[in-house]
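Below is one structure, written out as C-alpha cells, with a few remarks after it.
The residues of the chain are indexed from 1 along the displayed sequence. As a basis for the values below, the full set of heavy atoms in this structure was taken, side chains included, without hydrogen atoms, waters or symmetry mates.
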Amino acid sequence: MKLSEIIQDIKPLNVTGDTSVEVNGIHIDSRKIAEGYLFVAMKGTQVDGHQYIDKAIAQGACAVLLEDMPVDPSPEITYIQVESTEEAVGPVATAFYGNPSKKLKLVGVTGTNGKTTIATLLYNMFRKFGHKCGLLSTVCNYIDGEAVPASHTTPDAIELNALLARMVDAGCEYAFMECSSHAIQQRRIGGLSFVGGIFTNLTRDHLDYHKTFENYRDAKKLFFDTLPKNAFAIINVDDKNGMFMVQNCKAQLKTYSTKKAADFKAHLLECHFEGMYLEIDGREVGVQFIGKFNVSNLLAVYGTAVMLGKQPEDILLVMSTLKSVNGRLDPISSPDGWTAVIDYAHTPDALENVLNAIHEVLSGKGHVITVCGAGGNRDKGKRPLMAQEAVKQSDKVIITSDNPRFEDPQMIIDDMLAGLTPQQKKKVVTIVDRREAIRTATMMAEKGDIILIAGKGHEDYQEIKGVKHHFDDHEVVREVINS
C-alpha cells in the first residue's frame with residue numbers, strides 16, 4: 001500500500017520525502033522492522049522510540065512517523081512529522097490493514113472488574129449461535145477457534161488492527177474486546193469502529209499509571225465520548241459512575257441493574273456452588289456461575305446480545321450452557337472435603353465480590369481461608385485495602401507473593417500489613433513463598449472449608465526480577481491433592 005493512502009486520515013505537521021513509496025508493514029519496535037516498513041517512533045512511558053530511528057532505517061525502514069525531526073535526516077527516507085504519534089498510530093494502522101473493524105460488529109467492554117468475563121461470555125455465546133467470532137482479552141485472544149496468546153489486556157494499535165484483519169480474513173462477523181484504561185488513554189483503540197460499548201463498574205486500580213482516581217475514571221469515560229451515534233452504550237447504573245460515563249456519549253443509551261429501574265433487570269433467586277437461578281427481564285434461567293457480581297456480568301451479556309439482535313428466549317437458552325472463564329471462581333474439590341477457589345481478584349473491590357460470593361453459598365457452614373498478595377511496581381495504595389478486605393471476610397488469611405516484579409516481596413507484604421490493626425493481625429500469617437502459602441492453607445483446611453486463592457487466576461507464571469517463572473495456582477492445589 002502506498003504511504004500516501006496510509007496517512008490520508010491524519011494531519012501531518014510536515015512531510016519530507018516521497019509519499020508514493022510502497023509500505024510493506026508497520027511497527028513501533030525497531031527490532032521488528034523489515035525492508036519497506038514504516039517505523040512509528042513512539043514516546044512511551046519507559047522508552048522513547050525516537051532513539052531507535054537510525055536502527056529502524058538500518059533494518060530497512062522506508063518511512064518514519066515521528067514527532068521530532070532528526071538533526072540530519074536521510075534524503076532517502078520519508079519523514080511524516082505529527083504532533084502526537086500516540087494519536088496518529090491508530091488511524092495509520094487502521095488504514096494500512098484496510099479498516100478491519102468496519103467489517104466486523106466490534107463491541108468494547110471497559111470498567112475495573114468483569115471485562116474478561118463479559119467479553120469471553122459474549123464470544124462463547126455468539127459462537128454457540130453459529131457465528132464466527134473474535135475475542136481480544138486478558139486471558140487469550142481468539143480468531144474464531146484459534147488461540148493467539150495475549151501479552152496485554154489490549155494490544156498496541158498496530159497489533160490490534162493486524163488481529164482484527166485476521167478475524168475478517170477468517171470470516172468473523174463479531175469481535176468482542178476488553179478496553180483497558182491504558183489502551184484508551186494511549187489511543188491504542190484510536191481509529192477503530194465500535195458498534196457497542198459496555199461499562200461494568202469503577203473502583204480503585206492502576207493509580208501507579210493514572211496517578212488519581214479522577215484520571216483513571218476519565219480515561220474510561222473517553223471510550224464512551226468517542227462512540228458514534230449509530231452505536232449503543234450499555235451502562236451498569238448500580239455503579240455510581242455509570243451515568244457519568246455517558247455524559248458526552250452520542251450512542252444509543254441502555255442501562256442494566258440488579259437493584260433499580262433499568263432497561264435490563266435481573267434478580268438472584270437461588271445460589272449454590274453448582275450455580276444460580278436468576279430472573280432476567282421476567283424470565284427464569286439457571287446458570288453455571290455463582291456470586292451477585294456475576295449476576296451483573298450476565299445481565300451485561302444479555303443486554304448486549306439483545307442490542308445485537310438476538311431474541312431473549314434464545315439468549316437465555318444459550319446462557320444456561322455457558323461456563324465460567326478460566327481463573328474466575330474456579331473450584332477444585334479435595335477428597336478431604338475442602339474446596340479451593342482460584343480467582344484473578346487483584347483489587348479490593350474484586351476481592352470483596354469474590355468473598356461475598358463464597359459466603360452467599362457457604363451460609364455459615366464452613367470456614368474461609370484466604371491466600372492473597374499484591375503486585376509489585378503497581379499502585380501501592382491498594383495494598384492495605386486488599387489486606388483489610390481479606391481479613392474482614394475470612395477466618396484466616398495468608399498474605400504471600402503475587403507478581404513481585406522488581407520489588408522485594410517482603411516489602412509488599414509489609415505494605416499490606418500496614419492496613420491492619422493489631423487485633424486483625426491475629427488472623428494473619430505471612431509466607432513469602434506462594435507455593436508454601438497455598439500448601440499451608442490446605443493443611444489448615446477442614447471438611448466444608450473454602451480456600452480462596454486470589455490474585456493470579458488464569459496466569460501461569462510468577463514475575464520476579466523481570467523474569468517470568470512458571471507458576472500455576474491450579475497446578476499447586478492439584479499437586480497437594482495428589483500427594
Side-chain angles (χ1 to χ4, degrees), residues 101 104-126 129 131 133 135 173-179 181 184 189 192-202 217-268 278-285 287 289 292-319 322:
S101 61
L104 295 158
K105 288 179 180 173
L106 177 64
V107 176
V109 190
T110 197
T112 304
N113 301 312
K115 297 187 298 295
T116 301
T117 295
I118 292 168
T120 305
L121 293 183
L122 281 165
Y123 165 79
N124 289 333
M125 174 178 279
F126 275 74
F129 278 133
H131 301 287
C133 300
L135 173 67
E173 300 170 66
Y174 296 88
F176 304 99
M177 70 178 288
E178 296 182 48
C179 298
S181 57
I184 299 165
I189 59 173
L192 298 186
S193 298
F194 289 90
V195 299
I198 303 164
F199 170 71
T200 62
N201 49 64
L202 203 69
R217 177 197 65 192
D218 292 348
K220 299 285 190 186
K221 180 179 178 291
L222 184 61
F223 172 66
F224 296 97
D225 289 350
T226 54
L227 279 180
K229 192 184 290 187
N230 59 349
F232 61 83
I234 297 186
I235 304 299
N236 178 11
V237 290
D238 291 337
D239 188 284
K240 63 184 179 183
N241 295 286
M243 294 312 293
F244 176 84
M245 288 291 140
V246 289
Q247 281 180 348
N248 303 317
C249 183
K250 303 181 193 74
Q252 182 185 2
L253 175 62
K254 293 289 180 180
T255 57
Y256 68 95
S257 171
T258 61
K259 299 172 183 173
K260 56 181 80 166
D263 295 302
F264 303 110
K265 284 276 295 173
H267 297 287
L268 174 61
L278 311 178
E279 183 186 277
I280 296 180
D281 281 356
R283 298 174 176 88
E284 290 189 17
V285 60
V287 295
F289 298 81
K292 287 178 182 174
F293 67 96
N294 267 326
V295 179
S296 192
N297 289 337
L298 290 164
L299 190 51
V301 170
Y302 171 85
T304 303
V306 169
M307 295 306 292
L308 290 172
K310 298 302 176 187
Q311 293 302 310
E313 296 82 0
D314 298 333
I315 298 167
L316 296 178
L317 184 62
V318 172
M319 189 179 282
L322 297 175

Expected output: side-chain [X] to main-chain [Y] donor-acceptor under 3.5 Å:
X: Lys265; Y: Lys260; value: yes
X: Ser257; Y: Asp238; value: no
X: Thr226; Y: Leu222; value: yes
X: Thr110; Y: Cys179; value: yes

Min side-chain heavy-atom separation [X]-[Y] under 4.5 Å:
X: Asn241; Y: Lys221; answer: no
X: Phe244; Y: Asp218; answer: yes
X: Thr258; Y: Leu268; answer: no
X: Leu322; Y: Val287; answer: no
X: Asp314; Y: Phe129; answer: yes
X: Glu313; Y: Leu316; answer: no
X: Phe293; Y: Asn113; answer: no
X: Phe289; Y: Asn297; answer: no

Measure the [atom1]-[atom2] distance between [X] and [Y] for me, rounded to the nearest 0.5 Å.
X: Asn201; Y: Met245; atom1: CG; atom2: CE; result: 10.0 Å
X: Leu298; Y: Tyr256; atom1: CG; atom2: OH; result: 10.5 Å
X: Met319; Y: Met125; atom1: CE; atom2: CE; result: 4.5 Å
X: Thr304; Y: Met307; atom1: OG1; atom2: CE; result: 9.0 Å
X: Leu253; Y: Asp263; atom1: CG; atom2: CG; result: 7.0 Å
X: Thr116; Y: Glu178; atom1: OG1; atom2: CD; result: 3.0 Å

Count the heavy atoms belonging to other residues, nucleotides or ligands that lie under 6.0 Å from NZ of Lys250, then report whether that count exceeds 12.
no

Given side chain to side chain contact (heavy atoms under 4.5 Å, CB included), test Val107 with Leu308 step by step and report yes or no.
CA-CA 10 Å; Val107 176; Leu308 290 172; 4.2 Å; yes

Given Val301, which partner from the list Val109, Ile234, Ile118 fulfils the side-chain contact (heavy atoms from CB on, under 4.5 Å) test?
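When side-chain contact (heavy atoms from CB on, under 4.5 Å) is applied between Val301 and each of Val109, Ile234, Ile118, only Ile118 qualifies.
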
Would you say the ring centers of Phe223 and Phe194 fall short of 6.0 Å from each other?
yes

Stepwise side chain to side chain contact (heavy atoms under 4.5 Å, CB included) check, Leu122 with Tyr174:
CA-CA 10 Å; Leu122 281 165; Tyr174 296 88; over 6 Å; no

Kindly determine whether Phe264 and Lys254 satisfy side chain to side chain contact (heavy atoms under 4.5 Å, CB included), including the steps that lead there.
CA-CA 8 Å; Phe264 303 110; Lys254 293 289 180 180; 3.9 Å; yes

Parallel, tilted or perpendicular: ring planes of Phe126 versus Phe176, cut at 30 and 60 degrees:
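Aromatic pair Phe126/Phe176 classed tilted.
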
Indicate whether the side chain of Thr200 and that of Asn236 have a donor and an acceptor atom separated by less than 3.5 Å.
no

